[in-house]
Peer 1: 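Submitted below is the structure of interest, expressed as structure tokens.
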2 protein chains.
Amino acid sequence: MTEKQPPPAPLGLALRHAHLRAARTFAEELRPLELENVYAAVLINLGLLGSQTQRQLMDSVGSDKSAMVRHIDSLESRGLVRRRPHPTDRRAHAVELTDAGEAALAEVLVAASRTEERLLTCLEPAERGRFRELLGRFAYPAPERTCE
Amino acid sequence: MTEKQPPPAPLGLALRHAHLRAARTFAEELRPLELENVYAAVLINLGLLGSQTQRQLMDSVGSDKSAMVRHIDSLESRGLVRRRPHPTDRRAHAVELTDAGEAALAEVLVAASRTEERLLTCLEPAERGRFRELLGRFAYPAPERTCE
DNA sequence: TATTGTTATACTCTATAACTATA
DNA sequence: TATAGTTATAGAGTATAACAATA
């Protein structure tokens with residue numbers, strides 16, 4: 001096989017590898033909790049932002065709406081979240097953490113911070129904040145015309 | 001629903017959104033070619049690195065080995081790649097681009113560079129190289145003990 | 001013994017579309 | 001008319017395991 005130095009990987013491939021690496025590390029850290037990455041992401045979002053509609057959770061977690069129905073079903077059957085009537089929109093559900101969900105979230109946050117610590121050892125301490133900041137703007141572009 | 005300012009997203013979630021955004025943009029640019037992202041990634045890798053085993057392609061594209069079998073099957077049935085006997089390892093296949101594959105690759109590279117241009121408009125020109133560099137080290141950590 | 005590629009399985013996600021009840 | 005949530009479907013990916021040929 002040809003043995004060349006790998007040229008700079010295409011941006012999309014680098015993002016795929018970065019995401020795979022992060023997802024695998026997170027999955028390892030979550031294994032003792034018997035929680036999958038997506039479920040952990042839902043709990044984290046509910047913890048950060050409080051009660052959310054399924055629509056909001058879709059957007060913040062990045063799953064589509066039928067997947068989100070199943071995720072909430074699973075989390076609800078495990079007693080970690082509950083669906084409540086939305087106070088102003090009768091079509092929507094307000095999904096919120098139960099007490100068991102709050103407890104699970106605390107463990108998830110520990111797993112998440114251990115994950116980030118492991119992932120970021122690749123970068124110099126001074127670079128870590130810069131990377132997060134650039135990644136944040138790349139991942140969540142402001143809806144201005146500078147960013148289509 | 002609670003209306004707080006979103007705190008800095010967890011690293012893993014930001015990577016997921018970043019990858020989703022890139023994958024969707026790339027899929028849009030690839031639509032006229034009737035090629036899916038993974039197939040394009042295989043072609044790009046073959047173009048960059050020359051003939052590769054399926055094992056090598058798995059690693060560089062990030063698919064598992066049974067998925068890679070199907071990808072190569074599809075690309076081969078479209079006449080874009082061919083499997084050749086590996087010169088030194090008789091278990092392995094040397095996967096290489098056909099002439100039609102080289103032609104398709106040229107179009108894929110145009111789509112890829114348009115994609116990157118669109119994606120990176122979120123960042124100031126001066127930040128783009130920095131982001132790629134940090135992302136590259138994050139995604140492809142050197143196998144030293146500084147990076148587990 | 002370990003690895004490359006192949007096949008098969010079960011499970012999950014994605015994309016799509018319909019449907020309801022609301023807005 | 002559009003949206004939130006639900007359900008159903010087909011297609012593709014993932015994870016796992018087995019297997020043959022070869023290292």
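Quick note on labels: first sequence line is chain A, next is B, and so on, each numbered from 1.
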Peer 1: Return whichever of B:D89 or B:Y39 has its heavy-atom-nearest nucleotide of DNA chain D closer to the 5' end.
Peer 2: B:Y39
Peer 1: Heavy atoms from C-beta onward define the side chain here; which of D:dG5, C:dT4, D:dA15 lies closest to that of B:D64?
Peer 2: D:dA15
Peer 1: Judged by atom type as modelled, is there a donor-acceptor pair below 3.5 Å linking the side chain of B:R83 to the main-chain atoms of B:E76?
Peer 2: no
Peer 1: Starting at CZ of B:R83 and ending at P of C:dG5, how long is that distance when rounded to a whole Å?
Peer 2: 9 Å
Peer 1: Assign A:T88 to base, sugar-phosphate, or nothing according to its heavy-atom contacts below 4.0 angstrom with the strands shown.
Peer 2: sugar-phosphate
Peer 1: Using whole Å, what does the distance between atom C1' of nucleotide C:dT6 and atom CE of B:M68 come to?
Peer 2: 14 Å
Peer 1: For the pair made of CD in B:Q52 and P in C:dG5, what is the distance, rounded to whole Å?
Peer 2: 11 Å
Peer 1: Would you say D:dT3 has OP1 or OP2 under 4.0 Å from some side-chain N or O of A:R91?
Peer 2: no
Peer 1: Output the rounded distance in Å from CG (A:D73) to P (D:dG5).
Peer 2: 12 Å
Peer 1: Give a yes or no on whether the backbone of B:L134 and the side-chain of A:E127 come within a donor-acceptor separation of less than 3.5 Å.
Peer 2: no
Peer 1: Taking only the side-chain nitrogens and oxygens of B:H71, find out if one of them lies under 4.0 Å from OP1 or OP2 of D:dG13.
Peer 2: yes
Peer 1: Examine D:dG5: is either OP1 or OP2 under 4.0 Å from a nitrogen or oxygen in the side chain of A:H86? Give yes or no.
Peer 2: no
Peer 1: Any N or O donor-acceptor pair linking the side chain of B:R90 to the base of D:dT22 at under 3.5 Å?
Peer 2: no
Peer 1: Could you tell me the separation between the CZ atom of A:R70 and the C1' atom of D:dT6, rounded to a whole number of Å?
Peer 2: 11 Å
Peer 1: Salt-bridge test for A:E28 and A:R24: reply yes if a basic N is under 4.0 Å from a carboxylate O, no otherwise.
Peer 2: no
Peer 1: Could you check A:V69 against A:L20 and say which one's nearest nucleotide on DNA chain D is further toward the 5' end?
Peer 2: A:V69
Peer 1: Would you mind telling me which of D:dA15, D:dG13, C:dT14 lies closest to the side-chain atoms of B:R16?
Peer 2: C:dT14
Peer 1: Starting at atom CE of A:M58, determine the distance to atom P of C:dT14, rounded to an integer number of angstrom.
Peer 2: 11 Å
Peer 1: Could you tell me how far apart A:R55 (CZ) and D:dT6 (P) are, to the nearest whole angstrom?
Peer 2: 14 Å
Peer 1: Taking only the side-chain heavy atoms of B:K65 (C-beta and beyond), determine which of D:dA15, D:dT6, C:dT6 contains the nearest atom.
Peer 2: C:dT6
Peer 1: Calculate the interatomic distance between A:H93 atom NE2 and D:dT7 atom C1'; express it in whole Å.
Peer 2: 14 Å
Peer 1: At less than 4.0 Å, is any side-chain N or O atom of B:Q54 found next to OP1 or OP2 of C:dT6? Yes or no.
Peer 2: yes
Peer 1: Quick one: do B:R130 and B:E133 make a salt bridge, cutoff under 4.0 Å?
Peer 2: yes
Peer 1: Please state whether the rings of A:Y140 and B:H17 are parallel, tilted or perpendicular, taking 30° and 60° as the class boundaries.
Peer 2: tilted
Peer 1: Checking contacts here: which listed nucleotide (D:dT16, C:dA15, C:dT6) is nearest the side-chain heavy atoms of B:S66?
Peer 2: D:dT16
